[in-house]
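The sequence lines fix the lettering, A, B, ..., with proteins before strands; numbering per chain opens at 1.
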Number of protein chains: 2
Amino acid sequence: MSASGVRARVRAEMTEEIKAVAKRHLVTDGANLSLRAVARDMGMASSAVYRYFASRDELLTALIIDAYNSVGEAAERAAAGEASDLERFLRTTHAVREWALAHPHEWALIYGSPVPGYEAPQDTIGPATRVILLIAGIVRDAHAAGRTAEREPISGGYADELAAVADQFTPGTPPRLVAAALSAFIHLGGAISAELFGQLKNSVDHDRRGFFDYQMRGEADRIGLT
Amino acid sequence: MSASGVRARVRAEMTEEIKAVAKRHLVTDGANLSLRAVARDMGMASSAVYRYFASRDELLTALIIDAYNSVGEAAERAAAGEASDLERFLRTTHAVREWALAHPHEWALIYGSPVPGYEAPQDTIGPATRVILLIAGIVRDAHAAGRTAEREPISGGYADELAAVADQFTPGTPPRLVAAALSAFIHLGGAISAELFGQLKNSVDHDRRGFFDYQMRGEADRIGLT
DNA sequence: CCATAACGAGAGCGGTGCTCTTGCTTTCGA
DNA sequence: TCGAAAGCAAGAGCACCGCTCTCGTTATGG
């Protein structure tokens, strides 16, 4: 048991080290990282890596899960502590942006174009929801405390669909607020991707933080946060 | 002259055919298209393709430029004709979305994560600005005709930067409106990418058009279009 | 103690981007 | 008009890739 524990521990360490080396390669090579190259960096044969990850896609999946958890954790850390609703929302979204600036290739991995043949397995959907659930939570709390401004409600098929989602994650929150929260999340991703993927070049080159802040304050205003 | 014109014409046709085959491969293989595969499809040696494109990246650049022009043209077609400002804005943005749904991999090519080693050459920036300039034009026209609602102006470094950009492309438009136009464009890209890249899975599965429409009407409202 | 399972290394398969050389054809200028 | 020059296609080849298979070795557990 303790002996087999050694085996298991070594294996876990090996797995972690492969992921660490792969992340380092991600910085320079982007999404098309080479399994052979990480094997070389670790001083082992490329075929040996397959003892730990069945395929390159599986290694990518592990990195994707780590990335989701990393950005989720950064956001949750920023959201903690006492602050107004607006302040918490801004802190959270800015934390996501700063994480993305610090880990651009990992951002691309989770929010950029999907790898062609790659299909995200079920394991990723949990970690993937951390940020949106955090934002939805801020909105839910503000609403529950009666601190969200009045806006005209929305209706239609989209609203019904949102109401169903709300029932599952943030019961009691009206569709219009869920829609605003999702809108903020979408805008958040769009703004960060635009900045990281070079869409802002030659238009917003100096005050990109101000650019982002403007977008997020607009979304906060739509939600009705103060 | 006319003889050499034959040469040039054949060369142009060959170039176009390579691009066409590459686009077909893009549909199935995504961004990692194989130059050898397109060469095989054309019944020629892979080395012969290098007579027309110096590298795979150069072929990708050609596809990127075509994609920018394609989506720009679709948007411009939708924006043409008589309609209210709001209607023109909605038609335009929906046209972009529909183009993206019809050409998901080309969308990923231009608005998704950039290819790691790839640096977009100067040739792409012109075509890349067609959509944002179109949206900015709608906003400018509405403002010039006095049809935009009053909103509080913005200031700060970001506003100054936007004013400089506005001077170049849409002179006379106040920073606050340029900011709103850019915000709409960013939100547009974020919403489409989220839909195409699978971010909406398990939350918005039925009325995705309604989802998009909601986002865009929100942006139109921020601009003040009616 | 020993069968079994995990492990690492190496060879190999088919694929990739890209280069270089070799012939052939078309173009163009003296 | 004719020969040099340029364009073109093909093939071989290089180094790399993901992945599989085999083969010794080592650790594990009944």
Side-chain angles (χ1 to χ4, degrees), chain A residues 1-19 21-22 24-26 28-64 105 109 114-119 121, chain B residues 1-19 21-22 24-26 28-64 105 109 114-119 121:
Chain A
M1 174 69 175
S2 97
S4 87
V6 168
R7 251 251 218 272
R9 209 197 60 210
V10 168
R11 184 181 176 80
E13 282 173 2
M14 209 64 164
T15 307
E16 279 309 310
E17 190 177 341
I18 292 175
K19 286 202 290 180
V21 173
R24 221 162 51 218
H25 275 250
L26 216 56
T28 58
D29 297 351
N32 52 7
L33 77 114
S34 153
L35 222 147
R36 286 179 116 111
V38 316
R40 261 197 307 274
D41 263 28
M42 298 193 56
M44 70 200 305
S46 68
S47 57
V49 179
Y50 284 84
R51 296 274 171 202
Y52 302 91
F53 295 94
S55 68
R56 181 175 158 280
D57 276 9
E58 197 172 279
L59 174 56
L60 274 182
T61 298
L63 297 183
I64 286 173
H105 288 100
L109 211 56
V115 183
Y118 178 81
E119 188 72 17
Chain B
M1 174 68 174
S2 96
S4 86
V6 168
R7 251 251 218 271
R9 210 197 59 212
V10 169
R11 183 180 178 82
E13 282 173 3
M14 208 63 164
T15 306
E16 279 309 309
E17 191 177 341
I18 292 175
K19 284 202 291 181
V21 173
R24 222 162 50 217
H25 276 249
L26 217 54
T28 59
D29 297 352
N32 51 8
L33 76 113
S34 152
L35 222 147
R36 286 179 115 111
V38 316
R40 262 196 308 273
D41 262 29
M42 299 194 56
M44 70 200 303
S46 68
S47 57
V49 179
Y50 285 85
R51 293 273 165 200
Y52 302 90
F53 295 95
S55 68
R56 182 175 158 279
D57 276 10
E58 197 173 280
L59 174 55
L60 273 182
T61 297
L63 297 183
I64 285 172
H105 288 101
L109 212 54
V115 182
Y118 179 81
E119 188 71 19

- Note on the structure: Hits for side chain to side chain contact (heavy atoms under 4.5 Å, CB included) against A/L109, two or more places apart or cross-chain, chain-then-number order -> A/L26, A/A31, A/L60, A/L63, A/I64
- Please identify each residue that fulfils salt bridge (charged side-chain N to carboxylate O under 4.0 Å, His left out) with A/E17, with sequence neighbours left out. none
- Query: Hey, is the main chain of B/A45 close enough, under 3.5 Å, to the side chain of B/R36 for a donor-acceptor pair?
  - Reply: no
- Task: For D/dG7, take OP1 and OP2 only and decide whether either is under 4.0 Å from a side-chain N or O of B/R11.
- Result: no
- For B/Y52, report the nucleic acid contact type (base, sugar-phosphate, nothing); a contact means any heavy atom under 4.0 Å. sugar-phosphate
- Message: Less than 4.0 angstrom between a side-chain N/O of A/S34 and OP1 or OP2 of D/dG18, yes or no?
- Response: yes
- Item | side-chain contact (heavy atoms from CB on, under 4.5 Å) evaluation trace for A/L35 with A/Y50 | CA-CA 9 Å; A/L35 222 147; A/Y50 284 84; 3.9 Å; yes
- Item | Nearest-Å distance for atom pair CD/C1', residues A/E13 and C/dA6 | 17 Å
- Query: Between A/E58 (CD) and D/dC19 (P), how many Å, whole number?
  - Reply: 10 Å
- Under 4.0 angstrom, heavy atoms only, what part of the nucleic acid is B/L59 near: base, sugar-phosphate, or nothing? nothing
- Query: Who are the side-chain hydrogen bond (donor to acceptor under 3.5 Å, both in side chains) partners of B/E58, not counting sequence neighbours?
  - Reply: none
- Query: Nearest-Å distance, CG (B/L60) to C1' (C/dT16)?
  - Reply: 14 Å
- Task: Report the residues that fulfil side-chain hydrogen bond (donor to acceptor under 3.5 Å, both in side chains) with A/S47, sequence neighbours left out, ordered by chain and then residue number.
- Result: none
- Message: In whole Å, I'd like the distance from the CZ atom of B/R56 to the C1' atom of D/dC16.
- Response: 14 Å
- Of all residues at least two apart in sequence or in a different chain, which pass the salt bridge (charged side-chain N to carboxylate O under 4.0 Å, His left out) check with B/R24? B/D41
- Query: For B/R51 and A/R36, take the nucleotide of DNA chain C holding the closest heavy atom to each; which residue's nucleotide lies nearer the 5' end?
  - Reply: A/R36
- Message: Can you measure A/R9 atom CZ to D/dA27 atom C1' for me and round it to whole angstrom units?
- Response: 15 Å
- Message: Expressed as a whole number of angstroms, how long is the span from A/N32:CG to D/dC17:P?
- Response: 11 Å
- Message: For DNA chain C, which residues of residues 38-48 of chain B approach it to below 4.0 angstrom with any heavy atom?
- Response: B/R40, B/S46, B/S47
- Whole-Å distance separating the CZ atom of B/F53 from the C1' atom of C/dC18: 16 Å
- Could you state the CG-P distance from A/D57 to D/dC17, rounded to the nearest angstrom? 17 Å
